[in-house]
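Below is one structure, written out as structure tokens; comments come after it.
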Amino acid sequence: MNWITHFGVSLLFAVPAIGYVYDLKQRKVKLNRRYADPFRDQLLRPPGESTRLRIGELEEELDDIIVQFLFWTLGMSLVFGLTTRMMPPHQMVVTGALLLALAVPLAMLQGRKLVRLIRILQRMRLGFAGERAVGEELNQMLADGYQVFHDVPMSGFNVDHVVVGPTGAFAVETKARRKPKLGSQTPEYRVRYDGQKLVFPRWTEKRCLEQAKRQAAGLSEFLSGATGEPVSVSPIVALPGWFVEASVRGDPAVLNPRNIRNFVTSKDPVLADSAIERICHQLDQRCRS
């Protein structure tokens with residue numbers, strides 16, 4: 001029996017695993033094709049819904065890459081073992097070198113994909129946890145008569161949270177940032193805000209402030225057009241888990257989520273009940289689409 005026959009016979013052991021993976025994918029396709037969700041009414045989006053869905057897509061992509069990586073590695077090992085079992089040592093070395101020259105670049109390519117996906121997933125899971133934490137704090141404002149909407153889809157972007165009440169409309173952008181472990185004399189959880197930038201213990205950020213202002217402006221434009229009257233939207237950047245030291249009152253406001261409730265409710269009333277109703281109607285429609 002030559003090595004090709006050996007290889008073909010050996011691959012038969014992989015057939016059950018390949019068949020199982022294929023069957024799982026087909027079952028999922030059939031389930032989506034034959035059945036629909038039993039809920040007739042579109043539900044309001046919870047905090048981080050877009051991020052949650054994206055995480056699910058990335059996890060499926062990660063699983064596919066891992067399976068391909070394992071099959072490729074096992075296949076190359078099998079080829080080497082079968083092709084070199086009857087070879088003299090010098091031919092074995094040459095054959096192994098040729099297989100490595102082919103396998104290493106492909107393995108590195110797959111490995112880079114794995115690393116990239118894992119890093120993206122880590123960031124998105126942190127962002128999802130941050131959006132849920134902020135959403136939990138904002139939901140307490142329902143007791144104050146405010147309306148809270150999460151993950152509001154707009155044209156080209158999503159607003160993490162929108163709060164609407166007598167004191168106005170507020171677009172809250174969540175930014176979850178890990179805390180570096182520094183020396184005992186250095187505050188690990190403080191971030192300074194001078195109205196222009198955020199100064200963290202090890203880095204500085206400005207882009208998130210500009211993003212929050214752009215999104216608030218985009219939401220304001222949409223609500224103004226949809227309600228037929230000017231609607232001003234104030235931007236807020238929420239930093240869960242961080243103590244914010246603000247030397248000035250900047251635009252946007254940068255707050256720990258626990259301070260947003262007092263910040264919003266302490267302002268002077270600017271919206272009538274009828275305006276609040278019209279704004280909330282438009283946001284409700286967006287969050288159920």
Side-chain angles (χ1 to χ4, degrees), residues 44-51 127 130-131 133-176 193 195-198 205-240 244 246 248-289:
L44 282 172
R45 298 164 73 90
E49 177 66 5
S50 297
T51 305
E131 290 186 47
V134 174
E136 186 173 304
E137 291 291 335
L138 296 179
N139 284 341
Q140 297 181 32
M141 298 179 65
L142 296 171
D144 302 317
Y146 285 75
Q147 296 295 316
V148 182
F149 301 89
H150 304 289
D151 196 48
V152 182
M154 303 299 295
S155 178
F157 65 94
N158 280 46
V159 181
D160 291 341
H161 318 275
V162 179
V163 179
V164 182
T167 57
F170 302 84
V172 182
E173 176 67 18
T174 298
K175 293 300 178 185
Y193 178 44
Q196 301 294 326
K197 60 183 180 298
L198 298 176
E205 288 191 33
K206 293 178 61 176
R207 190 175 301 176
C208 62
L209 306 177
E210 298 166 357
Q211 177 189 9
K213 289 191 286 187
R214 285 197 309 271
Q215 293 186 349
L219 180 61
S220 174
E221 182 180 358
F222 163 74
L223 291 174
S224 298
T227 61
E229 57 186 341
V231 177
S232 177
V233 179
S234 301
I236 297 175
V237 174
L239 297 176
V244 182
V248 297
R249 284 201 171 188
D251 182 31
V254 180
L255 302 166
N256 181 287
R258 295 180 179 179
N259 298 327
I260 294 178
R261 184 178 186 180
N262 182 64
F263 174 81
V264 170
T265 57
S266 63
K267 291 182 174 294
D268 295 331
V270 295
L271 288 179
D273 291 343
S274 57
I276 294 173
E277 184 177 352
R278 287 191 291 272
I279 292 171
C280 290
H281 173 73
Q282 296 299 326
L283 292 171
D284 186 272
Q285 295 298 308
R286 299 294 296 186
C287 290
R288 295 181 190 273
S289 58

Shortest non-hydrogen contact between [X] and [Y], atoms and distance:
X: L271; Y: G165; value: CD1-O, 3.5 Å
X: C287; Y: L44; value: CB-CD2, 3.7 Å
X: P240; Y: A238; value: CD-O, 3.3 Å
X: P235; Y: A212; value: CB-O, 3.6 Å
X: A176; Y: G127; value: CB-CA, 4.3 Å
X: Y193; Y: L198; value: CD1-CD2, 3.5 Å

Does [X] reach the side chain of [Y], with side-chain heavy atoms less than 4.5 Å apart?
X: P257; Y: L138; result: no
X: Q140; Y: R261; result: yes
X: P166; Y: V270; result: no
X: T51; Y: E131; result: yes
X: M141; Y: V163; result: yes
X: P47; Y: H161; result: yes
X: V233; Y: V162; result: no
X: V237; Y: L255; result: no

Taking atom [atom1] of [X] and atom [atom2] of [Y], what is their separation to the nearest 0.5 Å?
X: E210; Y: E205; atom1: CD; atom2: CD; result: 11.0 Å
X: E173; Y: R214; atom1: CD; atom2: CZ; result: 9.5 Å
X: Y146; Y: C280; atom1: OH; atom2: SG; result: 11.5 Å
X: N158; Y: L219; atom1: CG; atom2: CG; result: 11.5 Å
X: L283; Y: L223; atom1: CG; atom2: CG; result: 5.0 Å
X: K175; Y: L239; atom1: NZ; atom2: CG; result: 10.0 Å

Query raised in the report: Do S224 and E229 pass the side chain to side chain donor-acceptor pair (under 3.5 Å) test, and can you show the C-alpha distance, the side-chain angles, and the key distance before you say yes or no?
Result: CA-CA 5 Å; S224 298; E229 57 186 341; over 6 Å; no
Query - Residue of the set D151, D160, D284 for which salt bridge (Lys or Arg N to Asp or Glu O under 4.0 Å) holds with R45 - result: D151
Give a yes or no on whether the backbone of [Y] and the side-chain of [X] come within a donor-acceptor separation of less than 3.5 Å.
X: S220; Y: V231; answer: yes
X: T167; Y: P269; answer: no
X: R286; Y: P153; answer: yes

Report task. Tell me, with the steps shown, if V254 and L209 meet side-chain contact (heavy atoms from CB on, under 4.5 Å). Result -> CA-CA 9 Å; V254 180; L209 306 177; 3.7 Å; yes
Query raised in the report: More than 12 non-hydrogen atoms from neighbouring residues, nucleotides or ligands closer than 6.0 Å to CD on Q196, yes or no?
Result: no
Query raised in the report: If you draw the axis of the six-membered ring of F263, does the NZ or CZ of K267 fall within 45° of it and under 6.0 Å from the ring centre?
Result: yes
